[in-house]
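Since the structure comes first, as structure tokens, the remarks are kept for the end.
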Amino acid sequence: MFTTADHEYMTLALRLAERGLYCTTPNPRVGCVLVNHGKIIGQGAHLKAGQPHAEVIALRDAQQHYPELIKGADVYVTLEPCSHFGLTPPCANALIDAGVKRVVAAMQDPNPKVAGSGLTQLSHAGILVQNGLMETEAQALNASFITRMTQNRPFVRLKIAASLDGKTALANGQSQWITGEAARLDVQHWRARSCAILTGSGTVIADDPQMNVRHIQGARQPLRVIVDSQLRISPEAKILVGGNTLIAYAKDSQHHADALTDQQATLLNMPGNDGKVCLKGLLSHLAALGINEVMVEAGQILNGALLADEMVDELIIYYAPVLLGSDARGMLAIPTLQSMQDRVTLKLIDVRQFGQDLRIIARPIRR
């Protein structure tokens, strides 16, 4: 169905889409390539919500350099062209008006506002439509957008730094630094691509982190989200500096609400049945804010709660070549298993080394 040349052009479109890795939220990452008689005449990527989509940028590029070749061109796009008016006009209309001959999409748009209607509109206009070329790669690039559209919650990624014996901190709470500089720099790239960083009050109280992006030029700062059931954190915490912080709580036990809002924090009352924050409700709220991708940098209690509720999509674990002993704190506080059948099984996605540390990316296999 698809030729070697088709794969080459879609590979280029996927590389273009990666330019939006840190900046397209809440929109998906999309790349587009226009080709006529084996010649690339235009290319583009969507970079920011409210700005032109990849197809429009590629058409503008072609109009500037090869306007005579736009009509009858083939279009390679990593996501189905949109068919509705949002912050920008429909891309399907722009392609129809341009007179292209063929549109090859890597995947259908999971957004219910599109969900195949863009491809149908193109087909009804007499354009040859093909879908599914390098679909797996396109889905991986936009796994977070797909999760928000289909599950009403962001894609949740746990980041854990641990010793080889699976410990994240000493018994007294000291944890800086387990991993080396190269691993910590890699973490900054994952922060930069995340829409929000989620942590717990215990981590804030123990480490007083900033939870911001550093050393990545031009990166946006993700929303900082704190799960603090009793509003225990200090209004002087560094994570509150500069605003852009959301605190989810169940009860204001310390009467800190006014002091925290005075520090520009946004408070979200989200109590669960157990007197703690309802994590499912919190994630749904973040999805409603347009948050596609959340990175969790927390302690074993919050990590374990998210995993137990099957709200973890991916784990990034950095193992340092050190041992901290049996009394040190673990990675995940999950209920004691009574059978090996209850174990959490993971699928390894990637394994590589950063300095002396080993990074493992894995995804839970749902039963």
Side-chain angles (χ1 to χ4, degrees), residues 1-21 24 26-47 49 52-62 69-86 88-151 155 292:
M1 180 180 179
F2 296 113
T3 67
T4 300
D6 288 335
H7 282 84
E8 291 175 354
Y9 297 134
M10 188 61 78
T11 297
L12 174 56
L14 287 164
R15 287 206 301 266
L16 290 167
E18 289 176 355
R19 294 180 180 177
L21 200 62
T24 62
N27 292 351
R29 299 143 182 158
V30 184
C32 181
V33 176
L34 268 62
V35 179
N36 199 330
H37 292 96
K39 183 182 185 65
I40 296 175
I41 63 172
Q43 52 188 294
H46 179 55
L47 297 180
H53 288 185
E55 299 93 323
V56 173
I57 295 176
L59 285 170
R60 290 178 181 176
D61 184 36
L69 296 179
I70 295 177
K71 189 172 183 179
D74 291 341
V75 179
Y76 297 85
V77 61
T78 59
L79 185 71
E80 172 187 4
C82 62
S83 57
H84 67 288
F85 281 89
T88 59
C91 293
N93 289 0
L95 294 174
I96 293 169
D97 293 342
V100 302
K101 178 183 66 176
R102 173 180 176 236
V103 173
V104 180
M107 60 174 286
Q108 183 174 302
D109 194 333
N111 187 342
K113 294 180 180 179
V114 184
S117 62
L119 297 177
T120 299
Q121 184 177 344
L122 293 169
S123 181
H124 287 170
I127 296 172
L128 174 62
V129 172
Q130 294 176 292
N131 183 44
L133 175 60
M134 302 185 72
E135 183 176 28
T136 300
E137 292 85 347
Q139 289 175 341
L141 186 62
N142 280 307
S144 55
F145 180 74
I146 295 170
T147 300
R148 181 167 68 88
M149 287 293 137
T150 60
Q151 299 185 40
F155 185 92
N292 288 332

Going by salt bridge (charged side-chain N to carboxylate O under 4.0 Å, His left out), name the pairs with one or both residues in residues 128-143, residues two or more places apart or in two chains.
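Of all non-adjacent pairs touching residues 128-143, none passes salt bridge (charged side-chain N to carboxylate O under 4.0 Å, His left out).
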Side chain to side chain donor-acceptor pair (under 3.5 Å) involving Asn292 - partner list, sequence neighbours excluded:
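With sequence neighbours excluded, Asn292 shows a side chain to side chain donor-acceptor pair (under 3.5 Å) to Arg148, given in chain and number order.
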Please name all residues satisfying side chain to side chain donor-acceptor pair (under 3.5 Å) with Ser117, sequence neighbours left out, ordered by chain then number.
Ser83
Side chain to side chain contact (heavy atoms under 4.5 Å, CB included) with [X]: which residues, sequence neighbours excluded?
X: Thr150; result: Pro110, Ile146
X: Ile57; result: Pro52
X: Thr11; result: Arg15, Met134

Please report the shortest heavy-atom distance between [X] and [Y], naming the atom on each side.
X: Ala54; Y: His46; value: CB-N, 3.7 Å
X: Leu133; Y: Met10; value: CD2-CB, 3.7 Å
X: Ala49; Y: Pro26; value: CB-CD, 3.9 Å
X: Ala62; Y: Ile70; value: CB-CG1, 3.7 Å
X: Thr78; Y: Ala17; value: OG1-CB, 4.1 Å
X: Ala92; Y: Pro81; value: N-CB, 4.1 Å

Check the pair Val75, Ile127 against side chain to side chain contact (heavy atoms under 4.5 Å, CB included), reporting the backbone distance first and the verdict last.
CA-CA 10 Å; Val75 179; Ile127 296 172; over 6 Å; no
Within this structure, what is the [atom1]-[atom2] distance for the pair [X] and [Y], rounded to the nearest 0.5 Å?
X: Asn93; Y: Glu55; atom1: CG; atom2: CD; result: 11.5 Å
X: Phe145; Y: Leu79; atom1: CZ; atom2: CG; result: 6.5 Å
X: His7; Y: Leu14; atom1: NE2; atom2: CG; result: 10.5 Å

Expected output: side-chain Glu80 to main-chain Asp109 donor-acceptor under 3.5 Å:
yes
Can I get a per-line list of side-chain donor-acceptor pairs under 3.5 Å for residues 28-36, giving both atom names and the distance, sequence neighbours left out?
{"residue": "Arg29", "atom": "NE", "partner": "Leu21", "partner atom": "O", "Å": "3.4"}
{"residue": "Arg29", "atom": "NH1", "partner": "Leu141", "partner atom": "O", "Å": "3.0"}
{"residue": "Arg29", "atom": "NH2", "partner": "Leu21", "partner atom": "O", "Å": "3.0"}
{"residue": "Arg29", "atom": "NH2", "partner": "Glu293", "partner atom": "OE1", "Å": "3.2"}
{"residue": "Asn36", "atom": "ND2", "partner": "Leu69", "partner atom": "O", "Å": "2.6"}

Donor-acceptor pairs under 3.5 Å, side chain of residues 95-107 to any protein atom, not counting sequence neighbours: which ones?
{"residue": "Arg102", "atom": "NE", "partner": "Gln130", "partner atom": "OE1", "Å": "2.6"}
{"residue": "Arg102", "atom": "NH1", "partner": "Asp6", "partner atom": "OD1", "Å": "3.3"}
{"residue": "Arg102", "atom": "NH1", "partner": "Asp74", "partner atom": "OD2", "Å": "3.4"}
{"residue": "Arg102", "atom": "NH1", "partner": "Tyr76", "partner atom": "OH", "Å": "3.2"}
{"residue": "Arg102", "atom": "NH2", "partner": "Asp6", "partner atom": "OD1", "Å": "3.3"}
{"residue": "Arg102", "atom": "NH2", "partner": "Asp6", "partner atom": "OD2", "Å": "3.1"}
{"residue": "Arg102", "atom": "NH2", "partner": "Gln130", "partner atom": "OE1", "Å": "2.8"}

